[in-house]
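For reference, the structure discussed in these notes is given below.
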Amino acid sequence: MSALKDRLSDGLYGLGWATVKKLPEPVAAGLGRRIADLAWKRRGKSVLRLESNLARVVPDATPERLAELSKAGMRSYMRYWMESFRLPTWTRERVERSVDIKGRHHLEEGLASGRGVILALPHLANWDLAGVWVTRSLGVPFTTVAERLKPESLYDRFVAYRESLGMEVLPHTGGSAFGTLARRLRAGGLVCLVADRDLSASGIEVTFFGDTARMPAGPAILAQQTGALLLPVTLWYDDSAVMRGRIHPPVDLPDTGTRTDKTAVMTQDLADVFAAGIADHPEDWHMLQRLWLADLEERGDATGDGAPGPSRSSTGREEERQR
């Protein structure tokens, strides 16, 4: 049964990549909304988990408001997929028309300084589209880390897809990702990490919307070890066809404390920026897994329940061995 499910997942994603990009854009967008609405009406575990997470983000929301947010959230999530399936066909001009990022000078100045830059972002809007904006509009290649998915063929699809967009993709497991990221940064390069969900069960505990969650230590440790700038990024959709975003000022490196202390402070600073962006646009936060420790402990799970979705980028246990 597991093997059959894996083959079905791989086949469905393969069908999406093969067919959606050939559809007229209004047809693809309408298809995405219909799929989202159908999934929302079925009230499966991913939708219920999204709604539970949103209840923490918007604690005073009525049940009706939470339902509206989760429905909008599923539509945002499917917009991510419809765009992502079509991204390989987008020209540089199309990317530039579709993305509006404020604060880009933080990135450009950081790269010009030769220090290396880490962009850290949560699962907001379309992080793949933001990556294509970096590679095609700014002309800057970067390195990222992807969670290994099952089946292996599906993971291979994601790697090939992201590499076709100009990204260097390292596997989350295997122990070598952290060292490679550090070398890229010491050479003045760019690293991009989705960093609002820890996949290693050894991340940093942070206060996030009033409760304790765990986020990866990698971005903060990399910044300390390499001297790279650590720049938070938040993204969102509005009522237009354009994705908006902001590159925030660098996270400060504390002057005092142990490495562990500094890592905790910097990771909390990242979490605070992420929380502000998510609170402003909760419907664009694609967190369909358990995140807070209380929810993980309730299920007896270290990293949360899975849900169909994009390979998530982070750094894993390997950075712990670098301490």
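The analysis underlying the following values was restricted to heavy atoms, covering all of them including side chains, and did not include hydrogens, waters or symmetry mates.
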Inset, instruction - Applying ring-ring contact (aromatic ring centres under 6.0 Å, His included), name anything that partners H248, two or more places apart in sequence or on another chain. - result: none

Inset, instruction - Report yes if some heavy atom in the side chain of W285 is under 4.5 Å from a heavy atom in the side chain of L50; otherwise report no. - result: no

Legend entry - Spacing of T89 atom OG1 and R94 atom CZ [to the nearest 0.5 Å]: 8.0 Å

Legend entry - Any donor-acceptor N or O pair under 3.5 Å, side chains T144, E168: no

Inset, instruction - Rounded to the nearest 0.5 Å, what's the gap from CD on E64 to CG on L69? Could you check? - result: 12.0 Å

Legend entry - Verdict with supporting geometry, D60 and R65, salt bridge (charged side-chain N to carboxylate O under 4.0 Å, His left out): CA-CA 9 Å; D60 58 346; R65 175 59 177 153; over 6 Å; no

Inset, instruction - Treating Ile, Leu, Val, Met, Phe, Trp and Tyr as nodes and any side-chain heavy-atom pair under 4.5 angstrom as an edge, say whether L124 and L87 lie in one connected cluster. - result: yes

Inset, instruction - Could you tell me whether a side-chain N or O of R184 sits under 3.5 Å from a main-chain N or O of G116, the two making a donor and an acceptor? - result: no

Inset, instruction - Indicate the atoms forming the closest heavy-atom contact of L111 with V117, along with that distance. - result: N-CG2, 3.7 Å

Inset, instruction - Report the distance from atom CZ of R97 to atom CH2 of W90, rounding to the nearest 0.5 Å. - result: 9.0 Å

Legend entry - Side-chain donor or acceptor of S137 paired with backbone N/O of V134 under 3.5 Å: no

Legend entry - Minimum side-chain heavy-atom gap T267-P219 below 4.5 Å: no

Legend entry - Flag side-chain contact, heavy atom, 4.5 Å: S98 against V95: no

Legend entry - Contacts of type side-chain contact (heavy atoms from CB on, under 4.5 Å), residue T226, not counting sequence neighbours: A182, L185, R186, A228

Legend entry - Between CE on residue M243 and OG on residue S76, distance to nearest 0.5 Å: 10.5 Å

Legend entry - Worked verdict on R183 versus T180 for side chain to side chain contact (heavy atoms under 4.5 Å, CB included): CA-CA 5 Å; R183 288 193 293 274; T180 302; 3.1 Å; yes

Legend entry - Rounded distance [0.5 Å steps], NE2 in H286 versus CH2 in W127: 6.0 Å

Inset, instruction - May I ask you to decide if I278's main-chain N or O and T234's side chain share a donor-acceptor pair within less than 3.5 Å? - result: no

Legend entry - side-chain contact (heavy atoms from CB on, under 4.5 Å) partners of R33, counting only residues at least two apart: A29, R75

Legend entry - Verdict with reasoning, D295 to R56, per salt bridge (charged side-chain N to carboxylate O under 4.0 Å, His left out): CA-CA 11 Å; D295 295 335; R56 291 181 179 270; 3.3 Å; yes

Inset, instruction - Answer yes if L270 and V57 sit in the same cluster of Ile, Leu, Val, Met, Phe, Trp and Tyr residues linked by side chain heavy atoms under 4.5 Å apart, and no otherwise. - result: yes

Inset, instruction - Find out whether M167 and E163 are in side-chain contact, i.e. whether some heavy atom of one side chain is under 4.5 Å from a heavy atom of the other. - result: no

Inset, instruction - May I ask you to test the F142-V191 pair for a side-chain heavy-atom distance under 4.5 Å? - result: no

Inset, instruction - Say whether, by atom type as modelled, one donor and one acceptor occur between the side chain of S70 and the main chain of A67 under 3.5 angstrom. - result: yes

Inset, instruction - Step by step, work out the side chain to side chain contact (heavy atoms under 4.5 Å, CB included) result for L253 and K262. - result: CA-CA 7 Å; L253 174 63; K262 293 178 180 179; 4.2 Å; yes

Inset, instruction - Taking all non-hydrogen atoms of both residues into account, name the closest pair between I118 and A223 and its distance. - result: CD1-N, 3.6 Å

Legend entry - I204 to A217 - nearest heavy-atom pair and separation: CG1-CB, 3.6 Å

Inset, instruction - Determine whether L38 and M78 fall in the same hydrophobic cluster, where Ile, Leu, Val, Met, Phe, Trp and Tyr are linked whenever their side-chain heavy atoms lie under 4.5 Å apart. - result: no

Inset, instruction - Just grab all the ring-ring contact (aromatic ring centres under 6.0 Å, His included) pairs involving residues 264-284, residues at least two apart or on different chains. - result: W236-H281

Legend entry - Student check: side-chain heavy atoms of L107 and L190 closer than 4.5 Å: yes

Inset, instruction - Can you see which heavy atom on M266 is nearest to which on P254, and at what distance? - result: CG-CD, 3.7 Å

Inset, instruction - Under the side-chain contact (heavy atoms from CB on, under 4.5 Å) rule, collect the residues that match up with A271, sequence neighbours excluded. - result: V206, F208, M215, Q268

Legend entry - E108 CD to R104 CZ distance, which is reported to the nearest 0.5 Å: 4.5 Å

Inset, instruction - Write down the atom of P249, the atom of P232, and the distance for their closest heavy-atom approach. - result: O-CD, 3.4 Å

Inset, instruction - Please lay out, stage by stage, how L291 and R214 fare under the test side chain to side chain contact (heavy atoms under 4.5 Å, CB included). - result: CA-CA 7 Å; L291 179 69; R214 190 182 291 120; over 6 Å; no

Inset, instruction - Classify the side-chain pair D284/Y80 by whether it contains a donor and acceptor separated by less than 3.5 Å. - result: no

Inset, instruction - Show the numbers, then the answer: is there a side-chain hydrogen bond (donor to acceptor under 3.5 Å, both in side chains) between N53 and W292? - result: CA-CA 9 Å; N53 290 338; W292 283 270; over 6 Å; no

Legend entry - Side chain N126, main chain D128, donor-acceptor under 3.5 Å: yes

Legend entry - Close side-chain approach of D252 to L230, heavy-atom, < 4.5 Å: no

Legend entry - Between E205 and T212: side-chain donor-acceptor atoms closer than 3.5 Å: no

Inset, instruction - Kindly state each residue pair satisfying salt bridge (Lys or Arg N to Asp or Glu O under 4.0 Å) with at least one member in residues 227-247, sequence neighbours excluded. - result: D100-R244, D238-R244

Inset, instruction - Please report the closest heavy-atom contact between A294 and D211, naming both atoms and the distance. - result: CB-OD2, 4.3 Å

Inset, instruction - Walk me through it: do R43 and E51 pass the test side chain to side chain contact (heavy atoms under 4.5 Å, CB included)? - result: CA-CA 10 Å; R43 309 291 290 167; E51 209 160 280; 3.0 Å; yes

Legend entry - Hphob cluster co-occupancy, I35 + V47, side-chain heavy atoms under 4.5 angstrom: yes

Legend entry - Same apolar cluster (I L V M F W Y, side chains within < 4.5 Å links), L48/L288: no

Inset, instruction - With the side chain counted from C-beta on, respond yes when I101 and L235 share a heavy-atom pair under 4.5 Å apart, and no when they do not. - result: yes

Legend entry - No-hydrogen, no-angle side-chain donor-acceptor test under 3.5 Å, Y237 and E83: yes

